[in-house]
Amino acid sequence: FMNMLTSPSLHGFVDPDSVYAPGGGFGGFYFSLGVYESIHEPETKNFYCYSAGCLGVVAIFNGYDFYDAYGMALNSQQKWKNGTISRFE
């Protein structure tokens, strides 16, 4: 858990106000979202994100919880299945 929140730089320095948000695919996104929701005052942190980790950070700063994110994912999937959007939208 702590390795996810603080990641040392190349020189071994750990900034206590930094949060490393790794990728992790669909499942990793939901796990990460729970971790980010537990961060006290996330607006005071420096986030460094990659892939699905970035989506979790965006969700937190927009006030989306698990159910909001899940609903948006299902809606997007349905639009893609219906041909309303492409896989790049």
Side-chain angles (χ1 to χ4, degrees):
F1 176 75
M2 286 310 293
N3 287 339
M4 186 174 183
L5 295 179
T6 56
S7 179
S9 71
L10 295 175
H11 303 291
F13 173 77
V14 176
D15 177 3
D17 290 326
S18 291
V19 177
Y20 173 62
F26 190 76
F29 166 75
Y30 288 104
F31 171 79
S32 299
L33 188 61
V35 172
Y36 307 147
E37 286 177 336
S38 72
I39 296 173
H40 182 67
E41 297 180 343
E43 65 278 357
T44 65
K45 305 294 183 190
N46 300 311
F47 285 87
Y48 298 92
C49 63
Y50 172 76
S51 190
C54 294
L55 294 176
V57 173
V58 169
I60 292 301
F61 282 108
N62 282 294
Y64 301 141
D65 64 9
F66 169 85
Y67 298 102
D68 296 325
Y70 185 72
M72 287 185 279
L74 286 178
N75 187 36
S76 295
Q77 182 184 45
Q78 192 60 46
K79 286 181 179 181
W80 175 76
K81 284 182 177 180
N82 293 338
T84 307
I85 61 173
S86 75
R87 65 182 182 145
F88 301 107
E89 294 180 78

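For clarity, every value in this text was computed on a predicted model and none was experimentally measured. For the numbers below, each heavy atom of this structure counts, side chains included, while hydrogens, waters and symmetry mates do not.
- The two residues Tyr36 and Gly56 make their nearest non-hydrogen contact at CD1-C, 3.7 Å.
- Closest approach of Pro42 to Phe47, counting heavy atoms only: O-CE1, 3.3 Å.
- Scanning both residues, Lys45 and His40, for their nearest heavy atoms gives CE-O, 4.2 Å.
- There is no path of hydrophobic side-chain contacts, each under 4.5 Å, that joins Leu33 to Met72.
- Taken to the nearest 0.5 Å, the OG atom of Ser32 stands 11.5 Å off from the OH atom of Tyr30.
- Phe29 and Ile39 fall within a single hydrophobic cluster, where Ile, Leu, Val, Met, Phe, Trp and Tyr side chains are chained together by heavy-atom contacts under 4.5 Å.
- A single hydrophobic cluster is not seen to contain both Val57 and Tyr48; linkage of ILVMFWY side chains at heavy-atom distances under 4.5 Å, directly or through other members, places them apart.
- Applying the side chain to side chain donor-acceptor pair (under 3.5 Å) test to residues at least two apart or on different chains, the pairs with a partner in residues 51-80 are Gln78-Asn82.
- Taking the side chain to side chain contact (heavy atoms under 4.5 Å, CB included) definition, one finds that Tyr50 meets it with nothing, sequence neighbours left out.
- Each of Val19 and Val58 belongs to its own hydrophobic cluster when Ile, Leu, Val, Met, Phe, Trp and Tyr are linked at side-chain heavy-atom distances under 4.5 angstrom.
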